Amino acid sequence: MDGLNEYRTVRVADVLSDFRDLQYYITSAPTDPLHPEDYHTRGWAALRQCALDGQHILNCAADVTVPDPRGGEEEQMKAELKQVLLDAIARRHEAQKIWLRQAAAQRWVENREQVLQGGRPNSANRSQLRACDEQLRSELSQITDERVYRDYQASDVSLGRWTAEDPSLRAVQRWVRARPQTI
């Protein structure tokens, strides 16, 4: 018995609160353009994929297999809390990546609307629209597991959160790989 289960419980609650907030933002984003001919454009396709990915990360099953540690009820609770923490951090991590992709796609929509100024794509604005697509590609390529993990570590520490037993990035990635997208 190490006396840290209270810290583990608070940590799980904090991470789940972050995840809940991210899910709200993800589900609030638009997925359909005003003009049907824009449906298959890069940014709108990204927004729809973000909505699907957000639903997947919310719906994927939790890993409830917990080793049966020796040491009684406190040790069992410790093992369960560590497993729940991995699940919560992995979900928050994936939701953050989705939200960052979504934010990039929403900037693409705004930039595209600014280029079009109520009009439609044509030869006069084609290069500007390509620049919007390139900007989106660039922003999406910068959203990496390493960056998201590092940013959350820094944020959690700056908020004074207890992070002593946070799972590694590799553990988070294994959790995600174990839950493939079925859509």
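Bear in mind the structure is a predicted one, so any value in this text is a computation, not a measurement. Positions are given from 1, in the same order as the sequence printed here.
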Handout entry: Contacts of type side chain to side chain donor-acceptor pair (under 3.5 Å), residue Gln106, not counting sequence neighbours
Key =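 So Gln106 forms no side chain to side chain donor-acceptor pair (under 3.5 Å) with any residue.
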Exercise for the section: Start with the C-alpha distance between Asp87 and Arg91, add both sets of side-chain angles, then the distance that settles salt bridge (Lys or Arg N to Asp or Glu O under 4.0 Å), and finish with yes or no. Expected result: CA-CA 6 Å; Asp87 185 272; Arg91 286 176 196 272; 2.6 Å; yes
Looking at [atom1] of [X] and [atom2] of [Y], how far apart are the two atoms once the value is rounded to the nearest 0.5 Å?
| X | Y | atom1 | atom2 | result |
| --- | --- | --- | --- | --- |
| Gln102 | Ile26 | CD | CD1 | 6.0 Å |
| Asn5 | Gln76 | CG | CD | 10.5 Å |
| Ile57 | Leu52 | CD1 | CG | 13.0 Å |
| Leu4 | Glu74 | CG | CD | 10.0 Å |
| Arg20 | Leu58 | CZ | CG | 12.5 Å |
| Glu146 | Leu169 | CD | CG | 5.5 Å |

Practice task
Tell me, with the steps shown, if Arg11 and Asp156 meet side-chain contact (heavy atoms from CB on, under 4.5 Å).
Solution key: CA-CA 10 Å; Arg11 181 69 176 134; Asp156 287 340; 2.6 Å; yes
Handout entry: ring-ring contact (aromatic ring centres under 6.0 Å, His included) partners of residues 153-179, not counting sequence neighbours, each pair once
Key =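 Qualifying pairs, neighbours excluded: Tyr7-Trp162.
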Practice task
Step through the shown structure and confirm whether more than 12 heavy atoms of other residues, nucleotides or ligands are within 6.0 Å of CD on Gln142.
Solution key: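 Yes, CD of Gln142 has more than 12 neighbouring heavy atoms, counting only those of other groups under 6.0 Å.
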Restricting to non-hydrogen atoms, name the atom on [X] and the atom on [Y] that form the minimum distance, rounded to 0.1 Å.
| X | Y | value |
| --- | --- | --- |
| Ser158 | Ser155 | OG-O, 2.8 Å |
| Ala105 | Gly43 | CB-O, 3.6 Å |
| Gly54 | Ile98 | N-CD1, 3.6 Å |

Exercise for the section: Scan residues 109-118 for pairs that pass side-chain hydrogen bond (donor to acceptor under 3.5 Å, both in side chains), counting only residues two or more places apart or in two chains. Expected result: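 Every side-chain hydrogen bond (donor to acceptor under 3.5 Å, both in side chains) pair that includes a residue of residues 109-118, provided the two are not neighbours, is Asp38-Arg112.
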Practice task
Return each pair, listed once, that meets side-chain hydrogen bond (donor to acceptor under 3.5 Å, both in side chains) where at least one residue sits in residues 22-37; pairs must be two or more places apart or across chains.
Solution key: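 side-chain hydrogen bond (donor to acceptor under 3.5 Å, both in side chains) check on residues 22-37 returns Glu37-Arg120.
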Give a yes or no answer on whether the side chain of [X] reaches the backbone of [Y] with a donor-acceptor pair at less than 3.5 Å.
| X | Y | answer |
| --- | --- | --- |
| Arg179 | Ala61 | yes |
| Ser138 | Glu134 | no |
| Asn125 | Asn122 | yes |
| Arg48 | Tyr39 | yes |

Problem - Trace of the salt bridge (Lys or Arg N to Asp or Glu O under 4.0 Å) decision for Asp14 with Arg92 - result: CA-CA 10 Å; Asp14 287 342; Arg92 179 184 73 167; over 6 Å; no
Taking C-beta and beyond as the side chain, do [X] and [Y] meet within less than 4.5 Å on heavy atoms?
| X | Y | value |
| --- | --- | --- |
| Val172 | Ile89 | yes |
| Leu81 | Lys78 | no |
| Pro33 | Thr41 | no |
| Leu129 | Arg126 | no |
| His93 | Tyr149 | yes |

Exercise for the section: Kindly determine whether Arg150 and Gln153 satisfy side chain to side chain donor-acceptor pair (under 3.5 Å), including the steps that lead there. Expected result: CA-CA 5 Å; Arg150 185 182 60 244; Gln153 277 184 318; over 6 Å; no
Exercise for the section: With sequence neighbours excluded, tell me which residues meet salt bridge (charged side-chain N to carboxylate O under 4.0 Å, His left out) with Arg101. Expected result: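 Checked Arg101 against salt bridge (charged side-chain N to carboxylate O under 4.0 Å, His left out); matches are Asp53.
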Practice task
Could I get the full list of salt bridge (charged side-chain N to carboxylate O under 4.0 Å, His left out) partners for Arg107, not counting sequence neighbours?
Solution key: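 Expected list: Glu139.
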Handout entry: Option passing side-chain contact (heavy atoms from CB on, under 4.5 Å) with Arg42 (candidates Leu136, Leu140, Leu47)
Key =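 It is Leu136; the other options fail the test.
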Exercise for the section: Go through Asp2 and Arg8 one step at a time and tell me if the side-chain contact (heavy atoms from CB on, under 4.5 Å) criterion holds. Expected result: CA-CA 11 Å; Asp2 61 11; Arg8 291 181 185 104; 2.6 Å; yes
Practice task
For the pair Asp166 and Arg161, find out whether any cationic side-chain nitrogen is under 4.0 Å from an anionic carboxylate oxygen.
Solution key: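 No.
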Exercise for the section: Group every Ile, Leu, Val, Met, Phe, Trp and Tyr by side-chain heavy-atom contacts under 4.5 Å, then state whether Val115 and Val109 land in the same group. Expected result: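 Hydrophobic grouping puts Val115 apart from Val109.
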